[in-house]
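In each ligand, atom 1 is the first atom listed, and ligand 1 is the first ligand listed.
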Amino acid sequence: MSEHKVYPVPESVAARAHVTQAEYEAMYRRSVDDPEGFWAEQADRFLDWFEKWDTTLDWSFEGDVHVEWFKGGKLNVAHNCIDRHLAEHAEKTALIWEGDEPDQDQHITFRELHEQVSRLGNVLKERGVSKGDRVCLYMPMIPEAVYAMLACARIGAVHSVVFGGFSPEALKDRIQDAEASVVITADEGVRGGRKVGLKANTDKAVDQCPSVHTVLTVRRTGGDIGWNDSRDVWYHEAVEAASADCPAEPMDAEDPLFILYTSGSTGKPKGVLHTTGGYLLYAAITTWYTFDLQPDDVYWCTADVGWITGHSYLVYGPLANATTSVVFEGVPSYPDASRFWEVVDKHQVSVFYTAPTAIRALMREGDEPVTKTDRSSLRILGTVGEPINPEAWEWYYHVVGKEQCPIVDTWWQTETGGHLITPLPGATELKPGSATRPFFGIVPALMDTDGHVVEGEGEGALVITRPWPGQMRTIYGNHQRFVETYFSAFKGCYFSGDGARRDGNGDYWITGRMDDVLNVSGHRMGTAEIESALVLHDAVAEAAVVGYPHDVKGQGIYAYVILVKDAEPSDALRKELVNLVRSEIGPIASPDAIQWAPGLPKTRSGKIMRRILRKIAANELDSLGDTSTLADPAVVDELINNRVTG
Ligand code: WT7
């Protein structure tokens with residue numbers, strides 16, 4: 001079986017890597033034996049502090065749960081990502097923007113980045129934004145998205161980036177929850193040759209958001225947009241008129257840096273709150289070791305800034321290390337399936353980080369679109385977002401990387417700020433499909449259903465037992481929900497929501513979510529959110545949504561819909577439901593399959609047995625398990641007989 005394959009560390013990689021296997025073992029030991037000593041040293045090494053902290057760590061994973069790193073320390077994230085590099089790297093390229101069309105690109109130096117971010121910081125201040133205020137970003141993948149994040153950080157404002165694929169409704173919810181006063185957007189985004197009306201969406205959302213007094217719009221396409229004199233401002237006009245002198249605000253290490261909304265198993269998306277010092281340190285150190293950064297790297301993470309990967313590994317991690325980071329506006333399939341590799345050659349990319357869903361989609365197009373490119377600049381390959389199947393791993397390794405590039409399969413979450421379990425190129429033997437070993441300072445454990453620790457080889461719920469600098473501090477505006485969501489399932493532990501297996505060598509294999517969270521093309525989605533959207537329709541009485549295995553997306557979305565009496569199933573209704581989900585959440589949440597169901601398998605106490613729904617959607621009919629406790633076991637046969645294929 002391919003999962004027993006092992007790829008040892010190539011000697012050439014180990015020879016110049018930051019850590020070898022022995023060094024990893026020693027450093028890991030130290031990081032867990034003396035975490036405060038270890039992290040204090042790293043904080044000095046990776047970051048520039050205006051003032052030293054008083055206490056390295058104060059924490060409790062029980063009771064009210066609190067985690068504070070480097071309290072009393074003063075620093076600024078934009079200063080760390082830009083200003084401190086100016087002495088030596090002012091003319092180094094900080095960002096390479098690659099547009100949707102292959103003939104569009106732009107290089108931005110650290111000096112230019114400094115100027116753009118400072119001007120925008122002053123624009124925000126002139127509009128009344130001060131320390132602690134929330135600014136919402138709803139932007140395409142253009143340099144201004146990075147400027148905006150860093151401008152907020154520079155003046156101490158808290159950004160909340162909302163993925164440009166979310167609907168006006170979803171945008172509105174996020175703006176309202178954070179009570180943002182400013183939204184930064186663009187007239188239109190462009191992806192794969194298609195335009196997305198970001199300003200039009202923003203207008204719809206903001207009309208219902210009394211907290212917003214200013215919308216700053218970047219002119220990206222020049223397309224027609226609506227204009228409201230009382231709140232609309234052109235980005236370019238405001239930035240040109242602003243001063244380029246904007247001192248970086250000294251922030252406490254525990255001051256909020258950003259909010260990022262993510263889906264859970266229940267209710268509305270949660271505003272994950274990350275703070276300044278610990279987050280930046282963790283983003284910086286993981287970028288450094290996981291990708292074994294070298295000074296002349298051209299580093300390309302294909303994630304959108306609307307996700308945590310875009311925050312930690314496109315903006316903060318690379319820039320804190322003065323690394324050149326590629327910002328790609330387009331999609332892997334446009335103009336054709338060679339695009340990724342054409343861009344790698346064009347910009348001589350050395351570190352490339354993408355999602356398994358993209359790899360699987362490209363793998364379907366065959367080898368030729370890859371092999372016709374050169375790719376000899378590549379040194380390290382990474383994946384993130386969902387478990388990578390060994391077949392896709394092997395293709396990535398052999399065809400894309402020509403067997404020259406270690407693959408780092410990085411397991412982490414929006415909540416964790418950075419990588420928790422990942423290989424390090426010079427230190428870790430690779431096993432296709434395994435995220436392998438914990439990063440420095442990370443102490444994972446597996447728990448059985450009784451809440452006991454699984455020792456040695458085995459499987460269980462994946463928890464983290466000790467604090468680490470990059471972890472989220474709270475859910476914005478709802479600390480109780482934070483405690484309940486992450487710290488109530490296993491006493492004294494952070495529960496990730498994922499299951500995992502540990503093999504005989506101590507390597508971890510993530511088995512996927514144990515809760516009702518889906519992972520569709522690396523996008524995280526709560527089944528409850530999609531269900532709430534479906535039941536908004538007058539014809540729908542009840543809905544249950546589950547994931548099922550999908551060749552390219554990893555998971556597809558399967559919806560069981562029960563209609564109200566008198567409503568008739570039809571293709572037209574199916575389309576209406578899909579459109580409803582698109583307008584409530586966004587295209588990424590569109591159901592792949594909708595089954596008209598006569599009822600749902602429920603226990604006598606009325607609880608939906610989702611396990612059975614998942615099995616039916618996956619067509620795993622032999623392993624339905626015990627259905628005798630159901631209130632109406634006959635419903636299961638009806639569901640099986642009317643199964644639809646997504
Ligand atoms: C969930 C977190 C981490 C940034 C992108 C997604 C799944 C993530 C892996 C991996 C197996 C993975 C987990 C996790 N996941 N990376 N390498 N192997 N599963 O962030 O939206 O917060 O989703 O993605 O299920 O819980 P996210």
Side-chain angles (χ1 to χ4, degrees), residues 3 161-163 165-166 258-265 269-274 282-283 286-287 290 301-317 353-360 381-390 392-393 396 407-423 428 430-439 442 444 461-464 470-472 475 485-486 489 494-501 507-527 529 547 553-555 588-589:
E3 72 173 37
V161 186
V162 176
F163 174 57
F166 278 122
F258 65 84
I259 301 167
L260 185 58
Y261 288 85
T262 193
S263 297
S265 48
K270 310 174 277 237
V272 168
L273 185 100
H274 282 286
Y282 202 69
T286 49
T287 309
T290 301
C301 164
T302 68
D304 191 282
V305 289
W307 310 113
I308 189 70
T309 309
H311 285 58
S312 302
Y313 298 110
L314 191 136
V315 180
Y316 294 120
Y353 189 31
T354 197
T357 186
I359 299 166
R360 287 192 300 265
L381 299 174
T383 96
V384 58
E386 51 178 315
I388 182 164
N389 46 313
W393 195 102
Y396 199 29
I407 295 179
V408 288
D409 174 359
T410 60
W411 175 77
W412 59 296
Q413 311 177 292
T414 305
E415 293 88 338
T416 71
H419 306 149
L420 295 192
I421 300 184
T422 177
T428 318
L430 302 175
K431 298 176 182 174
S434 170
T436 72
R437 298 298 171 103
F439 192 78
I442 303 302
L462 178 54
V463 303
I464 310 295
Q471 75 184 100
M472 73 184 285
I475 291 174
T485 308
Y486 304 105
Y494 167 83
F495 176 39
S496 64
D498 282 335
R501 182 165 67 77
D507 286 316
Y508 288 84
W509 301 72
I510 309 301
T511 50
R513 300 290 306 195
M514 299 177 78
D515 52 14
D516 295 318
V517 169
L518 306 184
N519 193 323
V520 181
S521 299
H523 299 321
R524 179 162 155 185
M525 217 100 56
T527 51
E529 279 171 85
K553 298 179 176 185
Q555 276 188 308
I588 53 172

Atom 22 (O) of ligand 1: the protein heavy-atom neighbour that sits closest, reported with distance to 0.1 Å: T414 OG1, 2.5 Å
Nearest heavy-atom neighbours spanning F495 and A489: CD2-CB, 3.9 Å
Q413, portion touching ligand 1 at heavy-atom distance under 4.0 Å: both
Identity and separation of the nearest protein heavy atom to atom 23 (O) of ligand 1: R524 CD, 3.6 Å
Identity of the nearest option to atom 9 (C) of ligand 1, non-hydrogen atoms only, from H419, H523, E386, M514: E386
side-chain contact (heavy atoms from CB on, under 4.5 Å) partner of I407, chosen from T383, I388, I359: T383
N519 side-chain N/O to G385 backbone N/O, donor-acceptor pair under 3.5 Å: yes
Top protein contact for atom 3 (C) of ligand 1, by heavy-atom distance: W412 O, 3.1 Å
Side chain T357, main chain G522, donor-acceptor under 3.5 Å: no
Any donor-acceptor pair under 3.5 Å from H274 side chain to T414 backbone: yes
Reference residue Y313; test side chain to side chain donor-acceptor pair (under 3.5 Å); the match among T287, T290, T286, T410: T286
Short side-chain to backbone donor-acceptor contact, S434 and Y508, under 3.5 Å: yes
Heavy-atom side-chain contact between R524 and W307 under 4.5 Å: no
Parallel, tilted or perpendicular, as decided by the 30° and 60° cut-offs, for the rings of F163 and H523: tilted
Between Y486 and E415, a side-chain donor and acceptor under 3.5 Å: yes
Contacting atoms of ligand 1, where contact means under 4.0 angstrom from a heavy atom of I308: 4 (C)
Donor-acceptor side-chain pairing of Q413 and S496 below 3.5 angstrom: no
Salt bridge (Lys or Arg N to Asp or Glu O under 4.0 Å) partner of E386, chosen from R360, K553, R513: R360
Ligand-residue contact atoms, ligand 1 with T410, heavy atoms, under 4.0 Å: 9 (C), 10 (C), 16 (N), 17 (N)
Heavy atom of the protein closest to atom 4 (C) of ligand 1 (residue, atom name, distance): T309 OG1, 3.2 Å
Per-residue contact class, N519 against ligand 1 - non-hydrogen pairs under 4.0 Å: side chain
Distance-only N or O hit between ligand 1 and T262, under 3.5 Å: no
Nearest-neighbour protein heavy atom for atom 13 (C) of ligand 1, which is reported as residue plus atom name and distance: D498 OD2, 3.0 Å
Polar contact flag for T383 and ligand 1 (N/O pairs, less than 3.5 Å): no
Ligand 1 contact by W307, heavy-atom criterion under 4.0 angstrom: no
Per-atom contacts of ligand 1 with I510, taking only distances under 4.0 Å to non-hydrogen atoms: 11 (C), 19 (N)
Within reach of ligand 1, part of T416 (heavy-atom separation under 4.0 Å): neither
Residue and atom name of the nearest protein heavy atom (relative to atom 6 (C) of ligand 1), distance in Å to one decimal: G385 CA, 4.1 Å
Numbering as shown, the atoms of ligand 1 that approach D409 to under 4.0 Å (heavy-atom distance): 10 (C), 17 (N), 18 (N)
Sub-4.0 Å heavy-atom approach of G497 to ligand 1: no
Residue V384 vicinity, atoms of ligand 1 by number, heavy atom under 4.0 Å: 3 (C), 4 (C), 5 (C)
Numbering as shown, the atoms of ligand 1 that approach P387 to under 4.0 Å (heavy-atom distance): 11 (C), 18 (N), 19 (N)
